[in-house]
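The figures that follow rest on heavy atoms only: side chains count, while hydrogens, waters and symmetry mates do not. We name chains A, B, ... by the order of the sequence lines, and we start the count at 1 in each one. Just so you know, these numbers come straight off a predicted model, no measurement behind them.
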Amino acid sequence: MIDPQLLRDSPDLVRRSQDARGDSVSLVDQAIEADARRRSTIGAFEALRAEQNAFGKTVASAPKDEKQALVAKAQELAARVKAAQQVAADADGEFTKLVGAIANPIIDGVPSGGEDNFVTLREVGQKREFDFEPRDHADLGELLGAIDIARGVKVSGSRFYFLKGVGARLEIALMNMALDRALAENFVPLITPTLVRPEIMAGTGFLGEHADEIYYLPADDLYLTGTSEVALAGFHSDEIIDLAAAGGSLRYAGWSTCYRREAGSAGRDNRGILRVHQFNKLEMFSYVLPEDAEAEHLRLVSYQEAMLQACGLAYRVIDVAAGDLGSSAARKYDIEAWVPTQGTYRELTSTSNCTTYQARRLDIRYRTESGKTAPVATLNGTLATTRWIVAILETHQNADGSVTVPQALRPYLGGLERFEPIA
RNA sequence: GGAGACGUCGCAUAGUUCGGCCUAGUGCACCACCCUGCUAAGGUGGAGAGGGGUUUAAACUCCUCCGAGGGUUCAAAUCCCUCCGUCUCCGCCA
């Protein structure tokens, strides 16, 4: 949810953001109007209520013989209060609905437009060239006994797989390397719930545009999370957190399995494990002071880049365009790694600065120096996922089908230097 | 899954019997000052959250919040319903 004060003070800023995202601009004016109506109806109700409260005392202390008449008058007053309360509640509901539909105002510099209007900030690393015909990760996975798609499909259906042998070990190694790096930056590790209540799912904004992406268990009214961001954001919901005592920020590294229905992407990336229903992820999540959010965002990107570099991957960092941002994000950087057999970059990480938008909805606050409460800023970013295996296998493959393990990962694989094809 | 107990403004509690004197009391912790002086004790005062009005701001003022949401009533922490959660015991199962 955006700051209602911003709507009153700087409506143009909100209008510009809506326009850049390709969202409704008139929604802003509807919300402003609803805000005015809300406040006037609340005022009317509260005045009546004050009258009722005062009159109630008169009734309570009145002598018995006068009570009858007073109660009759109180009944009439109560009816008016009830009506005014309903009007105020309706106006408040309408305002909440409209203001809730407005996405987080983008940060200056975010490119306008849709999916294709991103700006490439930098390209890093050498794209791998081959003097042989490179295999794609699905072939390599089979050759190495690392990925078993067929059996995944047999057991669970399309877009499921088994990681096996060095494949399973590689994923655990990636997660452990990511965790070690997160620990070095003072992230607190968390293994998070992957089933969450509706209000937490809604609070993180995933029930809106992503609703059909999410697995839902009707028997228990619980949602399976597509990222630990949901639980990490919910972790401090309804809390006033002490950022000062924590050194200005609270950082968590959440590990979890992630579940995605991939509705609407039928036919896309069907081969291999690029787009799957279930994978694992180590996610960084930061709670910071609003004024520190942009600096924290750049730090998260730098940790991601360091991870990709350690894995010997070529990549580009892109500034995602406004129309391709989630409603909670004010800016998002994606890092895409070069996938040789596809001849293109594919997203391996994403990091969003949600400013105070997500925190306002989840009611996560801190205390300012003057002692008042104010919403914190939240940020999230990927540090490792199962998908990285795709780029790592393809990038470091050799002509005989073996794969050279990047130096940085070897300590996490018992010193293993190469994955060799199984017989 | 069954039975029972419970949920009060940081923590701990009073209040629920029998609706109005609750504008939710008290203790601890906290903050400021005072006294005293040696790591403590005492004294005075302050202090919850959200939302209106007003204001440069402060101050002031009103409304709401007793797990959540409904209901009854002129009036609900208190009565009724639903849900959520915690604890104890029993059952079942990794």
Side-chain angles (χ1 to χ4, degrees), chain A residues 1-10 31-100 191 193-203 207 216-223 230-231 234-246 250 257 290 356-376:
Chain A
M1 188 177 137
I2 66 165
D3 183 357
Q5 198 63 44
L6 191 69
L7 205 56
R8 291 168 211 159
D9 298 345
S10 318
I32 290 171
E33 206 180 299
D35 182 38
R37 201 158 51 239
R38 164 181 164 271
R39 286 190 287 164
S40 70
T41 55
I42 285 176
F45 157 66
E46 288 184 352
L48 272 172
R49 173 71 92 189
E51 197 183 325
Q52 184 189 29
N53 285 344
F55 195 73
K57 301 223 189 310
T58 315
V59 176
S61 59
K64 259 207 176 94
D65 54 330
E66 289 175 26
K67 227 163 196 166
Q68 201 71 17
L70 288 171
V71 165
K73 191 178 171 202
Q75 280 171 336
E76 185 267 330
L77 184 56
R80 280 198 290 145
V81 169
K82 197 162 188 175
Q85 183 171 29
Q86 191 56 51
V87 169
D90 289 347
D92 188 56
E94 181 67 9
F95 170 71
T96 304
K97 199 181 102 201
L98 289 169
V99 81
I191 296 176
T194 55
L195 287 166
V196 301
R197 300 168 172 289
E199 58 265 32
I200 296 294
M201 204 48 128
L207 282 188
Y216 173 60
L217 279 64
D220 300 283
D221 196 20
L222 290 171
Y223 291 90
V230 176
F235 191 67
H236 284 302
S237 62
D238 292 320
E239 291 182 23
I240 299 172
I241 56 177
D242 193 345
L243 281 182
L250 279 170
T257 301
T356 59
Y357 191 88
Q358 195 174 53
R360 194 169 279 110
R361 186 153 46 183
L362 288 166
D363 195 21
I364 308 167
R365 293 160 293 163
Y366 72 103
R367 234 170 252 290
T368 64
E369 280 180 34
S370 64
K372 291 212 187 305
T373 60
V376 302

Side-chain N or O of Thr373(A) less than 4.0 angstrom from OP1 or OP2 on A49(B)?
-> no
Heavy-atom pair with the smallest gap, counting every atom of Phe95(A) and Arg38(A) | CD2-CD, 3.5 Å
Does C18(B) have a Watson-Crick or wobble mate here (both distances under 3.5 Å), and if so which one?
-> none
Quick one, give me the B/S/- string for nucleotides 78-86 of chain B, reading 5' to 3', where B means a protein heavy atom under 4.0 Å from the base and S means that only happens at the primed atoms, P, OP1 or OP2.
-> ------SS-
To the nearest Å, how far apart are Glu239(A) CD and G50(B) C1'?
-> 17 Å
Go ahead and name the base partner of C9(B); Watson-Crick or wobble counts if both distances stay under 3.5 Å, otherwise write none.
-> none
Whole-Å C1' distance, G71(B) and U86(B) = 26 Å
If the P atom of C22(B) is compared with that of U17(B), how far apart are they to the nearest Å?
-> 15 Å
Taking only residues two or more places apart in sequence, or in another chain, which ones meet Glu33(A) in a salt bridge (Lys or Arg N to Asp or Glu O under 4.0 Å)?
-> Arg37(A)
Determine which nucleotide pairs with C65(B), using a 3.5 Å limit on both distances of a Watson-Crick or G-U wobble pair.
-> G48(B)
Please give the nucleotide sitting opposite A29(B) as a Watson-Crick or G-U wobble pair, both distances under 3.5 Å, or none.
-> none
Expressed in whole Å, how much space separates the C1' atoms belonging to C92(B) and U82(B)?
-> 28 Å
Same-atom distance (P) from A77(B) to G25(B), integer angstrom = 14 Å
Kindly list each side-chain donor-acceptor pair under 3.5 angstrom involving residues 359-366 of chain A, sequence neighbours excluded, with atom names and distances?
unit_1	atom_1	unit_2	atom_2	d
Arg360(A)	NH1	Met1(A)	O	3.3
Arg360(A)	NH1	Thr356(A)	OG1	3.3
Arg360(A)	NH2	Thr356(A)	OG1	3.4
Arg361(A)	NE	Gly203(A)	O	3.0
Arg361(A)	NH2	Ser328(A)	OG	3.2
Asp363(A)	OD1	Arg365(A)	NE	3.0

Taking atom types as modelled, find out whether Tyr216(A) and Asp221(A) have a side-chain donor-acceptor pair closer than 3.5 angstrom.
-> yes
If the C1' atom of C66(B) is compared with that of G48(B), how far apart are they to the nearest Å?
-> 13 Å
Check the distance between G20(B)'s P and Gln52(A)'s CD and give it to me in whole angstrom.
-> 17 Å
What string of B, S and - do you get for nucleotides 51-67 of chain B 5' to 3' if you count protein non-hydrogen atoms under 4.0 Å?
-> BSS--------BBS---
Measuring from Asp242(A):CG to Leu250(A):CG, what's the distance to the nearest 0.5 Å?
-> 8.5 Å
Scan residues 85-98 of chain A against RNA chain B and write down, sorted by residue number, each residue with any heavy atom closer than 4.0 Å; if none is found, say none.
-> none
Roughly, in whole Å, what's the span from CD1 in Ile200(A) to P in A68(B)?
-> 16 Å
Value rounded to 0.5 Å, distance of OG1 in Thr373(A) from CD1 in Ile241(A) | 12.0 Å
Roughly how many Å is it from CD1 in Ile241(A) to P in G10(B), rounded to a whole number?
-> 18 Å
List for me each residue that meets side-chain hydrogen bond (donor to acceptor under 3.5 Å, both in side chains) alongside Ser237(A), sequence neighbours excluded, and say none if there are none.
-> none
Considering only atom C1', compute the distance from G46(B) to G51(B) and round it to an integer number of Å.
-> 24 Å
Not counting sequence neighbours, which residues clear side-chain hydrogen bond (donor to acceptor under 3.5 Å, both in side chains) with Asp238(A)? List them please.
-> none
Distance between the C1' atoms of C65(B) and G7(B), in whole angstroms?
-> 16 Å
Those residues that, when tested against Arg8(A), pass salt bridge (Lys or Arg N to Asp or Glu O under 4.0 Å) (two or more places apart) | Asp35(A)
Roughly how many Å is it from CZ in Phe55(A) to C1' in G20(B), rounded to a whole number?
-> 14 Å
Quick one: CG on Leu222(A) to CG on Leu217(A), what's the gap to the nearest 0.5 Å?
-> 6.5 Å
Between U88(B) and A75(B), how far is it from one P atom to the other, in whole Å?
-> 41 Å
Where at least one partner belongs to residues 44-53 of chain A, residue pairs that pass side chain to side chain donor-acceptor pair (under 3.5 Å), sequence neighbours excluded | Arg49(A)-Gln52(A)
Sub-4.0 Å heavy-atom contacts from residues 74-83 of chain A onto RNA chain B, ordered by number = Ala74(A), Gln75(A), Ala78(A), Lys82(A)
Quick one: list whatever passes side chain to side chain contact (heavy atoms under 4.5 Å, CB included) with Ile191(A), sequence neighbours left out.
-> Trp255(A)
Can you list, pair by pair, the side-chain donor-acceptor contacts under 3.5 Å of residues 70-89 of chain A, counting residues two or more places apart and other chains?
unit_1	atom_1	unit_2	atom_2	d
Glu76(A)	OE2	Arg80(A)	NE	3.2
Gln86(A)	NE2	Asp90(A)	OD1	3.0

Minimum heavy-atom distance Leu98(A)-Ala34(A), with the two atoms named = CD1-CB, 3.7 Å
